[in-house]
Amino acid sequence: MKIVKITTHLVSVPVEEKSAWVSSLGRAVKRDCLIVEMETDTGIVGIGECYHGSSPLSLDRLVQKVLAPVLMGKNPLNWELNKSLLIKRAKLMGPFGLITMAVAGLEIAMLDIVGKHLGAPIYQVLGGFREWAPVYVGGLCLGWKDVDDLCAEAKKYVEQGFKAMKLRMGRGYERDVDSVRRVRETVGPDIRLMVDVNQGYSDRDAMKIIKKYEECDLFWLEEPVPHDKLAIMARLRAMSPVNLAAGENSFTLGDFKRVLDAGAVDIIQPDACKIGGIGDMRKVAVLAESHQIEVHPHIIGTSIALAAALQFVGTIPNAGMIEWDNSEGNLFRDGIIKDSYEIADGQIKIPSAPGLGVEVDYDFLKEYPYVDGPCYV
Ligand SMILES: [Mg+2]
């Protein structure tokens, strides 16, 4: 089998103003993605997704002009070898960033082909461990808003049967403590609550607030301070039973090793579409397993990125929860694939069809061409 053609689809969808999501990243105005379509001489087509890296045009060019030619004529079953050739081709770019995002889309597409060729979902090709994974409401949900509205949103998810959810904080000590307390009162003691600050606290605020979050029985505090402040993270971790979570801004195996060796996290959150794909996620999982740490994948892309994360957690023993963007009118969840995910009793089913297990809607890709400008303003 040979790879004969690689096409990229750069897509933007609007975030409706009435449901505009705000966090320490800014106000979301649109979502971008770069989808990779890989054709073979057998007729099998693979799909992958790259995280857009806030620079989707450069990423698209990198995939099309620099990396795709390396894979022409190669056998996708040799995906690890092919990946090493991609990294070698772009070695002078440095070890991570756009390069690992670009490689991710290509790797995921190759693994989709491998699964389709063998007639099995990726998680079973790589060693099946589970068929369902616990899920939590995150993504563009539960952003910065009036506390009554935040509580109403949280209540809605409890009524829908979700058992865990993540709030966005970072608006200041008093406001954050009040919001998390009120949400805890609203959802009751049996719901897992997490907080993501997207690196928004000062060291002092983080140390002060973690004690308050402890009183709210917070399950994890995500990126309270800039992601490379490992000593502060380790100190926070030592002073509170609240789990410390991070990893979406780590890229290389060396990065993850430093985070884990520093004792900076209880939970590690690599992103398949940022770090080079499913194979690299599995390497991080092995590192994490050596520290008895759970891997809760970071996901911010479309339902294709979600499928990649699910196929990954299907293969490892130390997997945690999957982030589910439950926001209304989310086209990257509902429009881009023809299938829909099965969620029941706080768990999401790992797609069991061959490869990634999802079917892309190519009409959708044409309907939403790329729109210039940043995703957050
Ligand atoms: Mg985060």
Side-chain angles (χ1 to χ4, degrees), residues 15 21-28 31-33 51-54 96-97 100-101 104 134-145 150 154 157 164-171 176 179-180 183 192-201 205-206 209-210 213 218-230 232-233 236-237 242-251 255-256 259-260 264-275 281 284 288 293-302 305-306 308-309 312-313 319-327 330 332-333 374-376:
V15 171
W21 179 84
V22 185
S23 73
S24 61
L25 300 171
R27 181 168 58 86
R31 298 176 191 226
D32 294 333
C33 71
Y51 175 66
H52 59 71
S54 304
F96 66 88
T100 48
M101 294 169 194
V135 71
Y136 73 91
V137 178
L140 300 199
C141 294
L142 300 160
W144 289 3
K145 51 170 70 172
L150 186 65
Y157 301 142
M165 59 189 76
K166 185 164 87 181
L167 315 173
R168 301 289 164 160
M169 291 293 141
R171 284 192 294 179
D176 286 4
S179 298
V180 178
V183 172
R192 263 189 184 179
L193 271 189
M194 289 82 78
V195 160
D196 190 351
V197 190
N198 293 108
Q199 314 183 70
Y201 287 150
D205 270 356
I209 213 160
I210 199 166
Y213 286 158
L218 197 70
F219 182 65
W220 83 50
L221 176 60
E222 180 173 330
E223 289 196 326
V225 294
H227 74 277
D228 53 356
K229 288 196 149 186
L230 302 184
I232 298 294
M233 288 284 284
L236 287 166
R237 189 181 175 213
V242 172
N243 292 310
L244 267 287
E248 68 182 89
N249 285 300
S250 299
F251 285 85
D255 281 347
F256 286 102
V259 170
L260 291 163
V265 294
D266 297 280
I267 280 160
I268 195 95
Q269 301 170 297
D271 187 323
C273 297
K274 280 184 161 188
I275 71 166
M281 294 289 278
V284 174
I293 296 274
E294 282 185 358
V295 186
H296 297 238
H298 176 261
I299 306 154
I300 192 63
T302 75
L306 176 62
F312 157 70
V313 302
M321 294 185 287
I322 283 284
E323 186 164 6
W324 171 257
D325 189 329
N326 205 50
S327 54
N330 178 359
F332 272 2
R333 181 192 61 220
C375 294
Y376 298 103

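Counting convention: from 1, in listed order, for ligands and their atoms alike.
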Asp196 OD2 and Glu222 OE2 subtending at the Mg ion (ligand 1) (10° steps):
90°
Specify whether Trp21 and Tyr376 have parallel, tilted or perpendicular ring planes, treating 30° as the upper limit for parallel and 60° as the lower limit for perpendicular.
tilted
Would you say the Mg ion (ligand 1) has Glu223 as a near neighbour, meaning an N/O/S atom of that residue under 2.8 Å away?
no
So, taking the atom named CD1 in Ile268 and the one named CG in Leu244, what distance separates them when rounded to the nearest 0.5 Å?
11.0 Å
For a quick check under 3.5 Å, do His227 and Gln199 share a side-chain donor-acceptor pair by atom type?
yes
Please determine whether a side-chain nitrogen of the Lys or Arg among Asp176 and Arg168 lies less than 4.0 Å from a carboxylate oxygen of the Asp or Glu.
no
The Mg ion (ligand 1) to Glu248: nearest N/O/S atom name
OE1
